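These notes concern the structure reproduced below.
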There are 2 protein chains.
Amino acid sequence: MSTAEAVDADSVGSLHQRILSDISEKILSGAWAPGHRIPFEHELTTEYSCSRMTVNKALSQLAKAGLIERRRRSGSFVRQPQSQAAVLELHDIRIEVEALGLLYRYKRLERLKRRSNADDRALLGLSAAGSLLWVEGLHFAGERPFALEQRLINLSAVPEAGDEEFREIAAGPWLIGRVPWSEAEHRIRAMAADETIADALDIDPGAPCLVVERRTWSAEHPVTHVRFVYPAESHTLVARFTPSQG
Amino acid sequence: MSTAEAVDADSVGSLHQRILSDISEKILSGAWAPGHRIPFEHELTTEYSCSRMTVNKALSQLAKAGLIERRRRSGSFVRQPQSQAAVLELHDIRIEVEALGLLYRYKRLERLKRRSNADDRALLGLSAAGSLLWVEGLHFAGERPFALEQRLINLSAVPEAGDEEFREIAAGPWLIGRVPWSEAEHRIRAMAADETIADALDIDPGAPCLVVERRTWSAEHPVTHVRFVYPAESHTLVARFTPSQG
DNA sequence: ATGACAATTATGTATATACATATTGAAACG
DNA sequence: CGTTTCAATATGTATATACATAATTGTCAT
């Protein structure tokens with residue numbers, strides 16, 4: 001553990017997280033196929049030169065996540081693929097709208113440059129404070145509001161975004177052209193529209209909405225957190241995937 | 001001295017699982033609203049008369065699951081509904097429920113063998129009529145309904161499913177062990193609960209729900225169509241992926 | 001052989017302890 | 001009055017240790 005690469009939010013950096021990610025990597029990459037026996041705790045103990053408790057915590061977590069199966073006296077094994085990572089195809093909103101044959105338009109509602117607070121850092125997965133850009137905007141399909149976008153951009157990672165107004169062009173396409181992203185995490189949930197959202201989207205308060213949040217990293221650096229709020233009746237996400245991970 | 005007379009050996013009888021489920025219960029039931037400060041580790045230590053490590057493990061797990069937020073020096077808090085989330089993965093509901101330290105239970109509501117009608121065929125993607133199985137069931141987290149499942153199984157593709165009752169075991173895990181699937185398509189949307197759903201999930205009619213529908217194929221044959229309905233306020237889907245899809 | 005039983009082994013859970021680190025709140029300072 | 005400094009505090013992570021429990025292996029008597 002000489003070099004602390006990847007010092008980002010989710011807690012890479014601790015030893016047991018490293019053990020965790022090492023093993024996950026081997027499993028997800030297929031290097032350790034289903035049925036493969038994982039080294040015993042005491043073997044990992046010497047490999048990482050740490051205590052059994054640390055190894056145990058990591059393995060227990062993997063078992064809880066369903067990646068491995070543990071049996072007393074026999075050891076731990078890679079589980080048969082039961083839960084697959086979903087690959088979502090989340091298109092550019094413009095493309096979605098135009099696919100419906102409607103006129104796409106984007107309108108910025110708000111733009112604010114400020115220092116990150118604790119909430120921001122939690123959303124972005126940042127450990128230290130820094131400068132960021134907050135942008136809120138509305139995507140239209142024809143005359144109707146199609147989605148509300150609320151976005152945080154980490155200016156430490158993308159300083160040149162600070163000079164952009166994002167008045168007519170959404171931050172998403174702009175970022176895609178400039179920042180090669182390496183990883184993303186989506187959170188998808190349903191929510192009742194509050195006053196603000198209802199007002200922006202021109203729906204009734206309390207109406208069900210689909211919320212998609214995306215965090216994006218580029219080379220271990222958190223780049224942006226964006227939240228899309230869609231009125232429920234107008235939108236269905238479609239994700240298609242195959243089980244062949246590797 | 002607190003709570004839980006009828007622990008009845010819960011899913012696990014370990015102490016840290018009990019702490020976990022006690023707290024999950026209080027949060028999910030609303031007894032501890034968002035923002036509520038959870039007792040400090042050392043307070044729980046005396047309440048349960050155990051070591052700090054044990055309490056710490058339970059709280060860390062809750063933080064990982066997204067139910068609470070922990071801050072040094074300030075303590076742990078129930079997360080705001082905004083960024084809240086019981087993390088839910090696409091597949092194994094049991095694993096997600098147990099990650100919250102709650103007892104998982106499945107209960108079949110209805111089971112019906114019949115010939116497919118036009119709607120069924122549309123959902124399954126079948127061209128010709130045939131025999132199918134309709135199963136409706138409820139997934140519980142502790143005492144609380146967690147998700148409603150409505151499923152069609154194509155008996156032409158999986159005839160042996162016709163002999164199963166699916167009374168105590170959900171069809172999902174059963175199918176996974178038997179049918180190697182080659183492709184799946186998800187549709188995700190938000191929806192207001194209608195009378196039937198509200199009744200089954202014990203929520204108010206009109207409350208927002210997250211709906212996940214999945215169609216699965218095995219070697220070109222439609223196998224099953226399943227619809228999961230989750231009460232919105234406590235569940236979030238998480239998907240993580242990298243752009244290098246191949 | 002075979003079945004019963006003990007020994008071995010790996011994991012499961014819990015303890016006490018230690019030090020690191022982030023945040024708060026108050027005291028000290030310019 | 002604002003800023004800096006510092007101690008107190010709660011969590012974060014790791015250690016060594018202990019005993020419990022489940023499953024496999026080896027041994028022995030029948």
Side-chain angles (χ1 to χ4, degrees), chain A residues 1 4 6-23 36-65 67-79 115-122 125-130, chain B residues 7 9-23 36-79 98-99 101:
Chain A
M1 56 161 103
V7 196
D8 56 343
D10 268 277
S11 57
V12 186
S14 75
L15 187 48
H16 102 259
Q17 281 291 337
R18 209 186 111 213
I19 300 174
L20 203 70
S21 57
D22 280 4
I23 296 178
H36 182 274
R37 211 210 73 221
I38 282 149
F40 295 126
E41 292 189 351
H42 70 261
E43 297 180 278
L44 292 171
T45 279
T46 60
E47 184 179 336
Y48 288 92
S49 44
C50 64
S51 78
R52 189 170 76 87
M53 272 304 295
T54 305
V55 169
N56 181 283
K57 250 171 121 174
L59 291 183
S60 300
Q61 196 170 326
L62 280 172
K64 188 143 298 210
L67 268 186
I68 69 173
E69 189 183 331
R70 316 196 68 192
R71 256 170 286 152
R72 283 170 165 156
R73 170 76 213 219
S74 323
S76 305
F77 299 84
V78 178
R79 268 182 79 169
R115 278 189 77 72
S116 61
N117 61 33
D119 285 344
D120 299 331
R121 290 199 291 279
L126 284 169
S127 47
Chain B
V7 192
D10 221 339
S11 48
V12 208
S14 76
L15 186 49
H16 102 260
Q17 281 289 338
R18 211 187 111 212
I19 300 174
L20 203 68
S21 57
D22 279 4
I23 296 179
H36 182 273
R37 212 209 72 221
I38 282 148
F40 295 126
E41 292 189 350
H42 70 263
E43 297 180 278
L44 293 171
T45 279
T46 59
E47 184 179 336
Y48 288 93
S49 45
C50 65
S51 78
R52 190 169 77 88
M53 273 303 294
T54 305
V55 170
N56 181 283
K57 248 172 123 176
L59 291 183
S60 299
Q61 196 170 328
L62 279 173
K64 187 147 297 212
L67 271 188
I68 70 172
E69 189 183 332
R70 316 196 69 193
R71 255 170 285 153
R72 284 170 164 156
R73 168 76 214 221
S74 326
S76 304
F77 299 83
V78 178
R79 282 185 78 163
E98 288 176 348

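From a predicted model like this one, the values you see are computed outputs, not experimental measurements. Labels below follow one simple rule: chain letters A, B, ... track the order of the sequence lines, proteins then strands, and each chain is numbered from 1.
- Note: CZ (A:F40) to P (D:dT24) measures 12 Å, nearest angstrom.
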| said: For a side chain to side chain contact (heavy atoms under 4.5 Å, CB included) check, start with the C-alpha distance between B:Q61 and A:Q61, then their side-chain angles and the critical distance, and finish with the verdict. | reply: CA-CA 9 Å; B:Q61 196 170 328; A:Q61 196 170 326; over 6 Å; no
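- Using a 3.5 Å distance cut-off with no hydrogens or angles, the side chains of B:T45 and B:R52 do not pair a donor with an acceptor.
- Atom CD of B:Q17 and atom C1' of C:dA14 are 14 Å apart (whole Å).
- Look at CD1 on A:I38: it is 10 Å from P on C:dT11, rounded to the nearest Å.
- An OP1 or OP2 oxygen of D:dA10 is reached within less than 4.0 angstrom by no side-chain nitrogen or oxygen of B:S76.
- Residue contacts for A:S74: at a heavy-atom cut-off of 4.0 Å it reaches the sugar-phosphate backbone alone, with no base atom in range.
- As rounded to whole Å, 13 Å separates atom C1' of C:dT11 from atom CD of A:E69.
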| request: Just do the side chain to side chain contact (heavy atoms under 4.5 Å, CB included) check on A:I23 and A:L59 with the steps written out, would you? | output: CA-CA 9 Å; A:I23 296 178; A:L59 291 183; 3.8 Å; yes
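- Going from atom NZ of A:K57 over to atom P of C:dT11 covers 18 Å, rounded to whole Å.
- Rounded to an integer number of Å, the gap from A:H42 NE2 to C:dG12 P is 15 Å.
- Distance A:E41 CD to C:dA10 C1': 7 Å, rounded to the nearest Å.
- In the set D:dA10, D:dA8, D:dA16, the nucleotide with an atom closest to the side chain of B:R73 is D:dA8.
- Distance A:M53 CE to D:dT13 P: 13 Å, rounded to the nearest Å.
- A salt bridge links B:R70 with B:E41; the closest basic N to acidic carboxylate O contact falls under 4.0 Å.
- Between D:dA14, C:dA18, C:dT15, one nucleotide has an atom nearer to the side chain of A:T54 than all others, and that is D:dA14.
- Across D:dG12, C:dA14, D:dA16, the shortest atom-to-atom separation from the side chain of B:S14 is found for C:dA14.
- No donor-acceptor contact under 3.5 Å links the side chain of B:R71 to the base of D:dG12.
- Proximity of A:S60 to the phosphate of C:dT11: no side-chain N or O atom is located under 4.0 Å from OP1 or OP2.
- Taking only side-chain atoms of B:N56, from C-beta outward, the nucleotide of D:dA16, D:dG12, C:dA10 with the closest atom is D:dG12.
- Taking the nucleotide of DNA chain D with the nearest heavy atom to each of A:R52 and A:S49, the more 5' of the two is matched to A:S49.
- Counting any heavy atom pair closer than 4.0 Å across all strands shown, B:L59 reaches no nucleic acid atom.
- B:R72 contributes no side-chain N or O that forms a donor-acceptor pair with the base of C:dT23 under 3.5 Å.
- Judged by a 6.0 Å distance limit and a 45° cone about the ring axis, A:R18 is not positioned over the six-membered ring of A:Y48.
- Dashed line: the shortest gap from a side-chain N or O of B:H16 to OP1 or OP2 of C:dA14 is under 4.0 Å.
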